[in-house]
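I have placed the structure first, in the form of structure tokens, so that the comments after it can refer back to it.
Letters A, B, ... are given to chains in the order of the sequence lines, protein chains preceding strands, and every chain is numbered from 1. FYI, side chains are in, hydrogens and waters are out, and symmetry mates aren't considered; it's all heavy atoms of this structure.
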Amino acid sequence: MEEKNEAVEKTNFIYSMIREDLEQKALGKNPVHTRFPPEPNGYLHIGHAKAILLNYFIAKDFKGRFNLRFDDTNPIKEEQEFVDSIIEDIRWLGADWEGRLFFSSDYFETKYQFALRLIEAGYAYVCDLSPEEIRDYRGTLTEAGTESPYRNRPGAENLDLFDRMRKGEFPNGSRVLRAKIDMSSGNLNMRDPVIYRILHAHHHRTGDQWCIYPMYDFDHPFSDALEGITHSLCSIEYSDHRPLYDWIVDRAVELMPEVIKYRSRQTEFARLGMNYTVMSKRKLRRLVEENYVAGWDDPRLPTIAGLRRRGVTPEAIADFQQKTGVSRADSTADLALFEHCIRQDLETKAPRIMAVLDPIKVVITNWPASKTEMFEMENMPDNESAGKRQVPFSGTIFIERDDFMEEPPKNFFRLAPGREVRLKGAYIICCDKVIKDQSGSVTELHCTYDPQTRSGSDSSGKKVKGVIHWVTVEHAVYATVNLYDTLFSVENPEEAEEGNFTTLINPDSLLTIDNVPIEPSIREAHPGSRFQFMRKGYFYLEPERSTGGELVFNRIAQLRDSWAKAQK
RNA sequence: UGGGGCGUGGCCAAGCGGCAAGGCACGGGUCUUUGGAAUCCGCAUUCGUAGGUUCGAAUCCUACCGCCCCAGCCA
């Protein structure tokens with residue numbers, strides 16, 4: 001019931017359009033049917049996630065269907081490896097295709113038959129022009145093209161040639177099948193587009209069965225119509241292709257009504273851009289191939305695999321998708337919005353724990369030697385059911401280096417000489433002495449605790465503004481922590497020239513810290529779980545790297561930090 | 001001088017002739033044993049610009065300006 005309301009509430013133009021289609025019964029008895037059509041030639045990124053989830057949620061909201069269909073019509077660029085990674089990513093995102101996993105190549109024979117009928121009906125012809133000649137004949141943006149000398153080849157000759165193309169009698173590039181449309185169209189896509197080309201190449205699914213392959217503009221609309229896709233969503237740059245899409249679908253309905261399920265329609269929307277990162281396949285590929293990052297799943301990348309490895313949840317991605325909306329205007333989403341979605345999701349999911357990323361030792365001088373006291377701390381504030389844990393406390397602890405200032409400004413609430421601060425869940429301590437090394441940097445703090453201030457039974461009446469986290473030296477468990485920051489130091493690296501966008505890479509995009517002390521309960525953590533390191537951020541215990549008792553955490557997102565912000 | 005799109009606050013985005021939703025960001029308050037979270041308040045007399053139609057325009061008309069995409073036998 002909630003789903004129905006959501007569909008009603010969503011205000012983007014595509015939902016409005018579908019609602020109208022439904023009201024006017026424009027779909028007949030067909031259910032709303034969408035699809036995501038990736039080409040298996042690379043990894044999916046967050047921009048794709050927007051498209052995937054948009055299609056998936058439309059199907060879900062309107063009680064329709066969502067297909068996953070690989071657009072695998074170019075064997076030269078496509079590989080099984082990518083099919084696998086794409087399937088894994090989409091499944092992880094939670095977009096369920098309910099068994100409707102298809103490949104364009106599944107319908108190659110049907111498409112071949114359609115091409116035959118196109119030829120028979122005089123809608124297509126075999127053209128012997130070379131690639132260069134085709135380009136020249138196409139004309140320019142402002143000048144009409146010239147008709148191919150082969151355009152009016154007799155039907156029987158076309159059929160014969162096309163048959164021989166399929167049989168492999170001709171080399172790559174020697175001939176193509178073209179749709180006969182309009183060489184003087186202002187839309188270049190309509191100037192007798194190539195719909196089949198000869199490619200003597202091994203296909204990852206059909207093997208060597210074919211040496212001619214359909215082009216996207218021919219294949220895609222036909223596949224949609226075949227599958228009964230009612231709303232074929234794609235990005236803005238395909239707007240120019242819509243007349244051709246319609247042309248193909250119309251011919252398919254005319255010539256192959258027996259296999260066509262629906263007269264599919266294409267609708268375009270703006271794809272998602274995001275600041276401080278790059279989304280173009282070429283740039284992403286360079287980052288990976290030239291080792292600027294550690295692979296397609298490097299947590300600094302906007303790839304689904306990277307986000308997953310970083311620890312981002314699919315729920316946060318879905319929320320982000322909802323919040324960025326859908327329109328036709330070019331847009332660049334703010335990273336801050338994505339981080340907001342991540343924090344909001346993890347706020348109620350990630351148990352709290354204490355870890356000190358940049359430790360400085362504190363000796364509590366009035367603490368009884370060798371005494372250990374246990375404190376009970378809640379795993380989640382405002383959520384009893386998340387349970388509690390025991391945290392040991394003793395005389396030597398680590399605190400965060402920046403939780404101490406020797407000469408603090410008036411609005412600094414943390415530890416400073418002569419000042420008091422509360423150790424989260426434990427006692428209030430006062431800093432008595434600062435120990436430094438030769439160079440003058442602080443190496444150790446001597447403090448005293450006030451026994452009256454025990455957490456939960458404070459009888460001191462003291463009120464301190466600052467609360468800091470800590471970990472005892474004696475009980476600490478050590479981990480490696482990867483602190484990730486934006487991969488680029490400028491807002492729009494995508495705008496930089498291809499040649500030097502790598503110079504904009506943030507030198508501090510990854511800071512790995514070893515031996516980060518964490519409270520001992522972390523030993524019970526399961527790889528793959530997420531925590532909030534109190535006052536620091538959300539961290540993911542990376543399963544791939546946390547093996548054999550080793551702990552490797554990735555920072556997913558920082559907590560908002562109004563103190564740090566005020567410092568700027 | 002071709003065709004297709006888009007222009008609403010810093011970033012997204014509703015709105016479709018009746019007097020500018022919402023989110024993020026930002027600023028401020030309350031609360032708080034996370035300077036987290038929560039919560040409250042503020043934040044476009046104005047919708048690329050200029051005209052016009054209308055009692056009334058972001059919404060209709062006209063012109064202009066700016067930005068994006070298209071000349072693969074890629075998708």
Side-chain angles (χ1 to χ4, degrees), chain A residues 11-13 16 37-39 41 71-74 76-78 127 129-131 134-136 138-145 172-178 184-191 193-199 212-213 215-217 219-220 234-243 268 270 272 275 281 322-341 343-344 347-348 352 354 377 381-382 411-414 422-426 428 453 455-456 458 463-469 491 532-537 558-566:
Chain A
T11 50
N12 69 65
F13 79 100
S16 307
E39 182 185 19
N41 72 339
D71 254 344
D72 56 347
T73 58
N74 185 354
I76 295 168
K77 296 168 76 174
E78 296 146 8
C127 182
L129 254 25
S130 70
I134 286 183
R135 194 199 321 126
D136 291 342
R138 184 153 35 226
T140 68
L141 293 177
T142 52
E143 298 163 53
N172 290 356
S174 58
R175 278 178 236 268
V176 291
L177 183 69
R178 292 229 250 169
S184 63
S185 172
N187 181 342
L188 305 209
N189 295 119
M190 300 300 269
R191 320 246 261 226
V194 171
I195 56 178
Y196 261 94
R197 79 289 214 185
I198 299 170
L199 243 34
I212 55 172
Y213 292 90
M215 296 284 289
Y216 169 87
D217 283 316
D219 185 277
H220 200 95
C234 61
S235 46
I236 289 287
E237 62 265 34
Y238 289 98
S239 300
D240 285 352
H241 296 247
R242 192 178 344 118
E268 313 85 22
L272 178 75
N275 55 191
K281 227 167 224 177
Q322 297 296 130
K323 286 187 160 71
T324 48
V326 183
S327 78
R328 293 182 60 92
D330 293 338
S331 61
T332 305
D334 200 333
L335 214 214
L337 175 60
F338 188 39
E339 292 183 330
H340 163 81
C341 294
R343 283 189 212 105
Q344 187 162 281
E347 160 69 19
T348 54
R352 313 294 136 111
M354 295 191 291
M377 292 179 73
D382 312 317
N411 58 346
F412 183 78
F413 305 150
R414 286 110 90 151
R422 163 141 244 135
L423 294 177
K424 175 71 186 176
I428 287 176
T453 61
S455 183
D458 190 326
K463 194 91 165 91
V464 291
K465 280 201 110 169
V467 179
I468 65 174
H469 57 99
E491 257 197 69
Q532 183 197 102
F533 286 180
M534 293 197 82
R535 305 204 307 133
K536 285 284 132 187
Q558 289 181 260
L559 249 30
R560 294 190 67 196
D561 187 346
S562 52
W563 164 247
K565 198 184 300 171

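For A:Leu188, counting side-chain heavy atoms from C-beta on, the closest listed nucleotide (B:C70, B:G27, B:C73) is B:C70. Between B:A75, B:G36, B:G35, one nucleotide has an atom nearer to the side chain of A:Glu347 than all others, and that is B:G36. Picking from B:U33, B:G5, B:C74 the nucleotide with the shortest atom distance to the side chain of A:Lys463 gives B:U33. Listed candidates were B:A75, B:C26, B:A25. Nearest to the side chain of A:Ala336 is B:A25.
Below the 3.5 angstrom threshold, one finds no donor paired with an acceptor across the side chain of A:Thr142 and the base of B:U1. Put simply, the side chain of A:Arg414 and the base of B:G35 share a donor and an acceptor less than 3.5 Å apart. A:Asp240 contributes a side-chain N or O that forms a donor-acceptor pair with the base of B:G3 under 3.5 Å.
Taking atom NE2 of A:His220 as the reference point, atom P of B:A75 lies 11 Å away to the nearest angstrom. Between the CE atom of A:Met377 and the C1' atom of B:G36 there is a distance of 14 Å, rounded to whole Å. Atom P of nucleotide B:G36 and atom CD of A:Gln558 are separated by 14 Å, given to the nearest angstrom. Atom pair A:Asn172:CG and B:G72:C1' shows a separation of 15 Å (rounding to whole Å applied). Distance A:Arg178 CZ to B:C73 C1': 10 Å, rounded to the nearest Å. Distance A:His241 NE2 to B:G72 C1': 10 Å, rounded to the nearest Å. The distance from atom CD of A:Glu237 to atom P of B:A71 is 11 Å, rounded to the nearest whole Å. The distance from atom CG of A:Leu272 to atom P of B:C68 is 19 Å, rounded to the nearest whole Å.
Considering all non-hydrogen atoms of both residues, A:Val326 and A:Asn12 come closest at O-CB, 3.6 Å.
Contacts of A:Gln532 with the nucleic acid, taken as non-hydrogen atoms under 4.0 Å apart, include base atoms. Looking at heavy-atom distances under 4.0 Å, A:Met190 makes no contact with the nucleic acid at all. Residue contacts for A:Thr73: at a heavy-atom cut-off of 4.0 Å it reaches the sugar-phosphate backbone alone, with no base atom in range. Residue contacts for A:Leu129: at a heavy-atom cut-off of 4.0 Å it reaches a base atom on one of the strands shown. Across all strands shown, A:Lys536 has no heavy atoms under 4.0 Å from either base or sugar-phosphate atoms. Among the atoms of the strands shown, base atoms are found under 4.0 Å from some heavy atom of A:Tyr238. At the heavy-atom level, A:Phe412 lies under 4.0 Å from base atoms of the strands shown. Within the 4.0 angstrom heavy-atom criterion, base atoms lie near A:Gly456. A:Val194 comes within 4.0 angstrom of the backbone, heavy atoms only, and of no base.
For the OP1/OP2 pair of B:G35 and a distance below 4.0 Å, the side-chain nitrogens and oxygens of A:Arg422 include no atom meeting the criterion. Between A:Arg535 and B:G35, a side-chain N or O to OP1/OP2 separation shorter than 4.0 Å is present. In terms of phosphate contacts, A:Arg191 brings no side-chain nitrogen or oxygen within less than 4.0 Å of OP1 or OP2 of B:G3. Taking side-chain N and O atoms only, A:Arg135 has a distance below 4.0 Å to OP1 or OP2 of B:G72. Between A:Lys281 and B:A75 there is no side-chain polar atom (N or O) within less than 4.0 angstrom of OP1 or OP2. For A:Arg560, no side-chain nitrogen or oxygen approaches OP1 or OP2 of B:C24 to under 4.0 Å.
Under the 3.5 Å distance criterion, the side-chain polar atoms of A:Arg343 are matched with a main-chain donor or acceptor of A:Gln558. With hydrogens and angles ignored, the 3.5 Å screen pairs a side-chain donor or acceptor of A:Arg328 with a backbone N or O of A:Glu268. Judged purely by atom type and a 3.5 angstrom limit, A:Asn187 uses its side chain to pair as donor or acceptor with the backbone of A:Asp240. Here the side chain of A:Glu78 pairs a donor or acceptor atom with the backbone of A:Asn74 at under 3.5 angstrom. Between the side chain of A:Ser185 and the backbone N or O of A:Met190, no donor-acceptor pair lies under 3.5 Å.
Qualifying side chain to side chain donor-acceptor pair (under 3.5 Å) partners for A:Lys323, counting only residues two or more places apart in sequence or in other chains: A:Asp319. In terms of the side chain to side chain donor-acceptor pair (under 3.5 Å) criterion, A:Arg197 has no residue partners (sequence neighbours excluded).
Atom CG of A:Asp382 is surrounded by 12 or fewer heavy atoms from other residues, nucleotides or ligands within 6.0 Å. Other residues, nucleotides and ligands contribute over 12 non-hydrogen atoms within 6.0 Å of the NZ atom of A:Lys281.
Pairing for B:U59 is absent, with no Watson-Crick or G-U wobble pair whose two atom distances lie under 3.5 Å. Across all strands shown, B:C64 forms a Watson-Crick or G-U wobble pair, both distances under 3.5 Å, with B:G48. With both pairing distances under 3.5 Å, B:U30 is matched to B:A38 as a Watson-Crick or G-U wobble pair. Partner assigned to B:A21 is none, using Watson-Crick or G-U wobble distances below 3.5 angstrom. In this structure, B:U8 forms a base pair with B:G15, meeting either the Watson-Crick or the G-U wobble geometry with both donor-acceptor distances under 3.5 Å.
Spacing between B:C6 and B:G27 at atom C1', rounded to whole Å, works out to 32 Å. For B:G22 and B:A13, the C1' atoms lie 8 Å apart once the distance is rounded to whole Å. Nucleotides B:U49 and B:G35 are separated by 45 Å at their P atoms, to the nearest Å. B:C68 and B:U30: their P atoms are spaced 47 Å apart (whole Å). Distance noted for atom C1' between B:C61 and B:C24: 37 Å (whole Å). Using atom C1' as the reference point in both B:A14 and B:G9, the two lie 14 Å apart (nearest Å). Comparing the same atom, P, in B:G51 and in B:U46 gives a spacing of 15 Å after rounding to whole Å. Annotation: B:G18 and B:A25 have their C1' atoms spaced 32 Å apart (nearest Å).
Between A:Arg422 and A:Ser455 the shortest side-chain heavy-atom distance falls below 4.5 Å. Side-chain contact between A:Met377 and A:Met354: present, with at least one pair of heavy atoms (C-beta onward) separated by less than 4.5 Å.
Regarding the sugar-base torsion, B:G72 falls in the syn class, its angle being within 90° of 0.
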- request: Give the B/S/- string for nucleotides 7-15 of chain B, one per nucleotide from 5' to 3', where a protein heavy atom under 4.0 Å of the base yields B, of only the sugar-phosphate yields S, and otherwise -.
  value: ----SSSSS
